[in-house]
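Scroll down for the structure; my scribbles are underneath it.
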Amino acid sequence: MPDTASMNKLSAVMSTYSRFPITVTKGKGSYMWDDVGEKYLDYTSGIATCNLGHCPDSVQLALHEQVDQLWHSSNLYHIPQQTQLAEKLTGVSCFDQAFFCNSGAEANEAAIKLAKKYTHDHQLSHKNQIVSFTSSFHGRTGTTMAATAQSKIHEGFAPLTPGFHYCEFNDQEAIEGIDYDTTIAVILELIQGEGGVRQANKEWVQTLVANCKKHNVLVIIDEIQTGMGRTGSMFAYEHYDIEPDIITLAKGLGSGIPVGAMLAKQHVSQSFQPGTHGSTFGGNPLAMTAGIATLNTLTAGHILANVVQLSSILFKELEKMKKSIDQIEEVRGLGFLIGIQFSHDVAPIVKKLRDKNILCLIAGPKVLRILPPLNTTEVEINVFVTALKNILTDQEDAS
Ligand SMILES: *Cc1c(COP(=O)(O)O)cnc(C)c1O
């Protein structure tokens with residue numbers, strides 16, 4: 001609990017977050033340390049951002065070298081690291097070109113602008129809406145907040161950016177009801193992160209994509225949380241046998257250095273020409289270096305195989321727990337994007353885990369969200385599983 005003096009003093013930082021009572025000062029691998037030397041197993045990974053753990057050696061080394069060379073030049077000049085990261089990203093995906101920015105919301109802004117520009121360039125001006133889905137999360141800027149189909153995110157910010165049409169996620173009838181002819185694009189997460197770790201049904205997604213292709217509607221997949229290996233493949237769309245027109249990336253791309261990206265197929269990406277879009281910081285040498293080193297590490301080692309193997313162990317343990325513990329209603333997710341749906345508020349469980357030096361997240365009031373670093377170990381998983389089991393069985397005994 002904060003003491004009375006600090007409660008009465010106005011913080012110089014705006015109060016946009018309700019923070020846990022920990023002051024963090026250091027991180028390495030799966031761990032973070034606070035200002036009094038406590039060590040925490042970080043199963044939030046900075047909200048799916050530090051996918052290689054904190055300060056991974058390979059990225060750290062590359063950044064040190066880049067810090068001595070050049071930090072920023074603006075996009076007035078050629079930046080070799082931008083070309084390199086773009087070639088690497090298009091090399092591991094079905095896309096042809098990349099645009100770089102600084103965050104997830106900016107990547108989605110870029111995607112929405114590109115979709116509108118494509119529609120304009122192809123004389124499809126009767127198209128006037130973008131479809132997004134309930135419980136989604138696409139960011140906090142004006143337009144991405146409007147794209148986010150959650151009223152609690154919209155509250156107090158009228159008038160919203162117009163043009164978004166909201167559809168029920170995973171609902172067959174809802175996608176049959178879309179007026180594709182007037183639709184510019186659909187935007188969705190394949191596993192909704194903030195919205196409760198809800199996975200899109202494969203046939204539903206495939207039907208949606210097929211309908212879109214038929215009517216020249218662009219498919220934008222928001223991979224800001226699911227991308228960069230989080231689900232056990234480099235990108236979540238690979239699990240769905242689809243090829244989106246555009247995907248957006250951020251969180252895991254720079255290992256914690258702010259970097260966002262939009263990848264698109266050539267027929268769409270060509271609608272961006274000099275003057276149509278831009279960013280001062282986007283794609284700067286330091287951020288690109290973090291992206292290159294992160295992607296190199298992800299593709300060189302056995303990290304994705306580690307996610308597949310260890311997440312299956314973790315899922316098995318959680319399913320076992322679900323059988324014996326009534327409060328657990330469902331275990332869901334893919335790879336290391338995992339949600340445990342409880343029958344009650346999970347905030348007390350998050351606190352009890354923190355008391356055992358383990359950091360976890362929520363995704364909605366009743367979902368415990370677990371986001372281990374992709375290179376976590378079986379030993380660390382066991383530490384987490386044992387702690388959670390002890391907390392929940394203590395509670396069962398008490399009730
Ligand atoms: C985090 C997130 C965003 C927003 O990213 P910012 O970097 O916070 O702007 C958008 N979409 C999804 C799916 C996210 O998880």
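Just follow the structure's listing: the first ligand is 1, and inside any ligand the first atom is 1. Model, not experiment: these values are computed from the prediction.
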Does Phe137, backbone or side chain, put an N or O under 3.5 Å from an N or O of ligand 1?
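Between Phe137 and ligand 1, an N or O pair is found under 3.5 Å apart.
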
Short list, please: which atoms of ligand 1 are under 4.0 Å from a heavy atom of [X]?
{"X": "Ala105", "value": "4 (C), 5 (O), 6 (P), 9 (O)"}
{"X": "Glu189", "value": "13 (C)"}
{"X": "Ser103", "value": "7 (O), 9 (O)"}
{"X": "Asp222", "value": "10 (C), 11 (N), 12 (C), 13 (C)"}
{"X": "Gly104", "value": "5 (O), 6 (P), 7 (O), 9 (O)"}

Tell me whether the centres of the aromatic rings in His54 and Tyr31 are closer together than 6.0 Å.
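No, the ring of His54 stays outside the 6.0 Å limit from the ring of Tyr31, centre to centre.
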
Given the side-chain rings of Tyr237 and Phe95, with only the six-membered ring counted for Trp, is the space between their centroids under 6.0 Å?
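Ring centres of Phe95 and Tyr237 closer than 6.0 Å.
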
So which of Met321, Lys356, Glu317 actually passes side-chain contact (heavy atoms from CB on, under 4.5 Å) with Leu388?
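Single side-chain contact (heavy atoms from CB on, under 4.5 Å) partner of Leu388 among Met321, Lys356, Glu317: Met321.
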
Consider only side-chain N and O atoms of Gln69 and Glu65, and report whether a donor and an acceptor are under 3.5 Å apart.
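The answer is no; no qualifying pair exists.
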
Side chains of Ser255 and Thr294 only: does a donor on one sit below 3.5 Å from an acceptor on the other?
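Yes - a donor-acceptor pair under 3.5 Å links their side chains.
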
Among Gln225, Glu106, Lys251, which one has a heavy atom closest to atom 1 (C) of ligand 1?
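Selected option, by shortest heavy-atom distance: Lys251.
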
Counting only heavy atoms on the protein side, is anything nearer than 4.0 Å to atom 8 (O) of ligand 1?
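No, there is none.
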
Would a 4.5 Å heavy-atom cut-off, applied to side chains only, mark Leu392 and Ile328 as touching?
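Yes - at least one pair of side-chain heavy atoms lies under 4.5 Å apart.
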
